[in-house]
Amino acid sequence: MGRSVVRCTILAALAAATCAPSASAATPTRYSLVNGCYALKQDGAAVPGAAKVRMQATALGHYLLYTPERRFVAARANGKLGIDVKPSAAADWQVDSAGSGTFTLAAANGSTTLRRVSFKAATGCAAYPEAELNATGTPSKGATSYGRVGGLLEGHMHWMTYEFLGGRFHCGKPWDQYGIPYALPNCSSIEGPQGLVAPIQNFLNYDNPVQPHDTVGWPTLASWKPTNLTYEGTYWKWIQRAWMAGLRMMVMSPNENRILCLLQTNRETNCDEMDTVRRSLEGIHELEDYVDAQSGGPGKGFFEIVTDPEQARRVINQGRMAVVLEVEISEPFGCSNIAAPTCDTAQVDASLDELHRLGVRSMLLLNKFDNPLTGVRFDSGPIGLLINGANLVSAGSFWSAKTCDPGALRDNDIYSPLPQVTNLVGSLFATAGLPSGIAPVYPAAPNCNTRGLTDLGAHVVERMMDLGMIVNPDHMSQAGVDRTLSLLEARNYSGVISPHGWMDPGNWPRIWKLGGLAFPGHSAATDYVKQWQEYRPRATPYQFGWGYGADLGGLSEQPGTDADGSGSLEYPFKSLDGTVTFQRQKTGERTFDYNKDGVAQYGLYADWFADLRRLGGDALVKDMWNGSEAYLEMWERAEGVATPTCAAPDGAIEATGVGALRLGRSWTALLDTAGQPQQRDRAWSYCVSGDGNDGRADVAELTPAGTVELVGSTARGRSAGGIAVGSTTTAPEGVHAVPANGTTYAYLVKDGVVTVAATATSGLAGDPAALAAALSRVSSARATQTTTPFEASTAQTQQAAANAAAATGDGSGASAGAGTTAPLTGQPLVGAGDAKLTAALSALCHLQISVPG
């Protein structure tokens with residue numbers, strides 16, 4: 001990224017000072033002031049208290065004036081200035097250019113405006129508190145804006161979890177206008193002293209649900225660990241560290257659960273799931289602006305929210321991270337109650353159109369409950385009892401299950417609880433004023449939900465395909481997944497992804513055949529590598545890539561250290577592209593060590609990536625580095641970009657090109673008309689049929705800016721200006737340009753044979769060196785006539801055989817999910833024993849969760 005922030009290294013105090021843009025820059029702008037050390041003058045006179053201030057951005061063009069005494073220059077009601085101990089609207093200044101190198105500063109509380117202020121370079125400013133990157137180097141960029149991308153794919157995470165469950169369940173935010181001390185606060189404000197009045201959080205985070213714990217956030221962060229599900233783990237600097245390690249695409253989902261939200265007595269927002277989605281989508285845009293503000297202006301931050309694959313490709317090739325917006329809630333479009341649905345076709349259409357206008361391009365049809373669109377994949381384990389009780393409230397009935405047919409793909413098994421636990425769940429819902437009842441006795445495992453995709457749900461899937469959106473069938477019942485994939489197959493629709501282990505992996509081959517993506521969520525590095533080895537298909541018809549789904553913020557535990565304690569990642573380590581060097585990450589007073597702490601917060605995913613490379617080697621790194629490209633090509637196909645068949649070789653290259661390959665076309669127009677190329681850099685290659693042409697190609701060669709400047713071919717049967725590829729000639733070896741009727745035909749001759757025939761723009765033809773380079777790129781381009789057939793992994797092939805045998809009564813009854821690890825068969829919210837669940841629910845029924853202040 002070219003910004004000095006990448007070069008920040010060890011100490012937080014040094015980080016802010018080192019990262020500051022040069023205060024001696026010729027003419028500062030309202031954005032470039034960020035992090036600078038300045039003396040402020042008004043009409044040539046010193047501004048009181050502002051002789052040495054650090055410009056700490058609170059938003060684009062808004063700043064705190066941070067003094068060496070770690071105080072804030074603030075407005076007073078009388079129009080004068082003072083010094084405050086804490087930041088506030090009085091100390092938050094909007095800076096606007098006033099011309100002639102001066103600025104206007106207006107306090108956010110409206111009390112004071114300073115005019116004709118100039119900023120003079122100064123020294124001796126204090127550094128504003130911030131998390132460190134502990135990384136040196138510059139993340140790699142693409143050679144062009146339109147070429148193939150490289151980078152890791154995060155398929156499913158929750159960056160806006162601070163809005164979850166009423167806004168006071170989760171502690172902390174991924175950013176705060178006043179910085180990290182306020183983004184990662186002391187959690188006693190919502191959990192009480194030592195966290196003792198937060199029974200749900202304690203149940204999720206600790207073995208003992210009444211265990212006191214350290215609630216301090218910045219600067220000690222003592223309670224941050226992979227199993228802490230309710231403290232902020234996605235602070236923006238931590239995400240930035242993962243980006244520096246190779247993360248280039250992220251699918252970000254707002255999440256909400258109305259019923260669980262209603263159990264929170266201290267909630268400060270309503271529990272309407274669509275309202276939470278709207279707030280969260282607004283929040284991610286605010287975060288994007290905030291990060292841009294820290295980096296010097298609009299579009300200069302390390303990530304950008306994208307709404308189409310072309311924009312995403314440009315962002316990634318700039319060396320930045322593309323963020324795709326997704327939605328994962330239990331009652332999408334306001335749909336609940338399967339017997340008397342609270343939504344209809346008109347409502348879901350209007351809501352889906354609204355989400356699309358808000359930039360959402362991927363979606364699940366549910367999260368935890370059956371709804372009028374589809375049945376759910378059950379939560380297994382004791383937490384499933386609570387979810388089933390909530391299913392009654394949201395869906396209008398408990399789960400409906402049967403014993404799966406022999407050999408069939410399956411859902412998670414339903415937990416059979418102790419009677420006293422059932423009674424406690426009922427008491428919990430009654431205390432919250434919600435209906436409860438006695439769950440039915442379920443048939444023997446393996447369990448399958450009897451509810452699948454409804455006609456209304458099928459309508460939503462069809463509408464998503466019409467809009468070119470990515471369908472995420474995770475969390476659907478197996479019956480729902482099966483019908484959804486059948487709808488996609490009927491339209492040969494590639495836009496489908498299973499990114500975090502919430503379906504039977506026996507469905508994955510159908511997704512790969514369509515050109516979609518599927519991979520496990522996350523786990524300790526040794527387990528994750530084993531899952532890749534077991535499930536990776538041997539071949540697919542489309543670009544293959546592998547990813548992960550952290551699900552961080554979605555009440556999902558993060559990768560810990562290896563169970564045998566064998567974690568041995570060595571520091572320093574390199575990013576997967578080799579351009580950035582990492583030390584142990586430090587935030588405030590805590591230094592995180594992946595070997596001891598696991599992925600205690602998102603910044604440690606950089607370390608996890610390196611551990612995967614250590615254990616999985618170059619083959620795994622290649623698959624993961626292809627993850628972003630595979631996603632973009634899937635997204636292109638979802639939006640209607642074709643995968644072309646091989647062209648006939650008997651057409652001549654005309655003055656403007658051949659087929660859809662035409663001089664002067666932009667790369668986006670080329671993609672729309674010619675379809676996806678087999679090779680995608682400066683030379684875009686397309687296969688040509690005919691004997692001897694496998695590997696040969698029609699090629700559009702583009703300028704660095706992305707406009708076709710030469711159309712050529714290496715295929716037998718192609719000709720240009722009457723001279724055919726493969727014809728013999730006595731002309732000298734090398735490049736030949738032949739003007740003809742305002743057109744320039746160009747040829748490459750080697751060993752007395754014409755190896756490339758082409759037509760070129762006049763600008764390219766007039767530059768012999770550039771023409772030679774373009775023809776060389778065409779000569780090197782390759783395309784194959786043969787479509788790679790899908791070939792499943794050995795484990796999947798063996799499992800399919802076992803399923804078939806079981807279905808006919810000749811096998812042992814094994815199912816496609818049998819024997820796989822938890823991330824592949826669907827994770828419960830948290831694992832727990834009866835005693836722990838009983839104690840936690842008992843506490844819930846007798847404690848008020850609200851905390852004064």
Side-chain angles (χ1 to χ4, degrees), residues 1 3 5 19 31 34-35 56-64 87 92 108 128-131 133 154 156-164 167 170-185 217-218 231-244 247-256 269 275-307 311-312 315 318 320-328 355 358-362 550-554 587 601-603 605:
M1 103 180 157
R3 295 188 298 274
V5 68
C19 293
Y31 301 124
V34 64
N35 293 329
Q56 173 64 26
T58 61
L60 282 167
H62 293 247
Y63 297 91
L64 301 174
D92 192 349
Y128 201 78
E130 188 54 277
L133 294 171
E154 156 65 280
H156 188 82
M157 66 87 73
H158 304 282
W159 211 350
M160 299 290 108
T161 308
Y162 70 95
E163 294 281 5
F164 189 45
H170 178 87
C171 181
K173 289 180 62 178
W175 90 104
D176 186 274
Q177 61 179 335
Y178 299 145
I180 195 169
Y182 299 86
L184 304 180
W218 175 270
Y231 283 18
E232 180 55 59
T234 60
Y235 183 67
W236 73 276
K237 275 286 186 180
W238 296 337
I239 306 284
Q240 185 178 16
R241 176 177 162 94
W243 158 71
M244 294 183 71
L247 181 59
R248 293 294 181 271
M249 282 206 75
M250 172 184 287
V251 182
M252 197 291 294
S253 296
N255 55 335
E256 184 58 286
T269 58
D275 281 351
T276 299
V277 167
R278 295 180 186 101
R279 288 192 298 269
S280 298
L281 295 178
E282 182 178 356
I284 186 67
H285 283 283
E286 291 175 1
L287 174 57
E288 181 181 31
D289 288 346
Y290 178 84
V291 172
D292 281 352
Q294 310 309 311
S295 306
K300 293 190 175 182
F302 73 90
F303 80 91
E304 183 174 323
I305 299 165
V306 298
T307 56
Q311 180 190 6
V315 168
Q318 290 168 359
R320 302 161 69 214
M321 183 178 78
V323 174
V324 179
L325 300 180
E326 185 179 66
V327 169
E328 180 192 37
L355 291 178
L358 292 174
V360 173
R361 294 297 182 268
S362 181
D551 205 13
L552 206 162
T587 301
Q601 36 89 345
Y602 206 101
Y605 266 106

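Hydrogens, waters and symmetry mates are skipped; everything else that's a heavy atom, side chains included, is used.
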From the list E154, R241, Q240, side-chain hydrogen bond (donor to acceptor under 3.5 Å, both in side chains) with Y602 holds only for E154

Look at E130 together with K237 and state whether they make a salt bridge at an N to O cut-off of under 4.0 Å.
no

Between the main-chain N or O of Y178 and the side-chain N or O of Q56, is there a donor-acceptor pair closer than 3.5 Å?
no

Derivation of the side chain to side chain contact (heavy atoms under 4.5 Å, CB included) call for M252 and I305
CA-CA 10 Å; M252 197 291 294; I305 299 165; over 6 Å; no

Report yes or no: do S253 and E328 form a side-chain donor-acceptor pair below 3.5 Å?
no

Do T58 and Q177 get their side chains close enough for a donor-acceptor pair, meaning under 3.5 Å?
no

If the condition is side chain to side chain donor-acceptor pair (under 3.5 Å), which residues does W159 pass it with, not counting sequence neighbours?
none

Taking side-chain contact (heavy atoms from CB on, under 4.5 Å) as the test, write out the residues that go with E286, two or more places apart.
W175, E282

Between R320 (side chain only) and G299 (backbone N and O only), is there a donor and an acceptor less than 3.5 Å apart?
yes

Heavy-atom closest contact (L281 atom, I284 atom, distance):
O-CG2, 3.1 Å

Quick check: does any side chain N or O of S280 sit under 3.5 Å from a backbone N or O of P254, one acting as donor and the other as acceptor?
no

Side-chain donor-acceptor pair present, E232, T234, cut-off under 3.5 Å:
yes

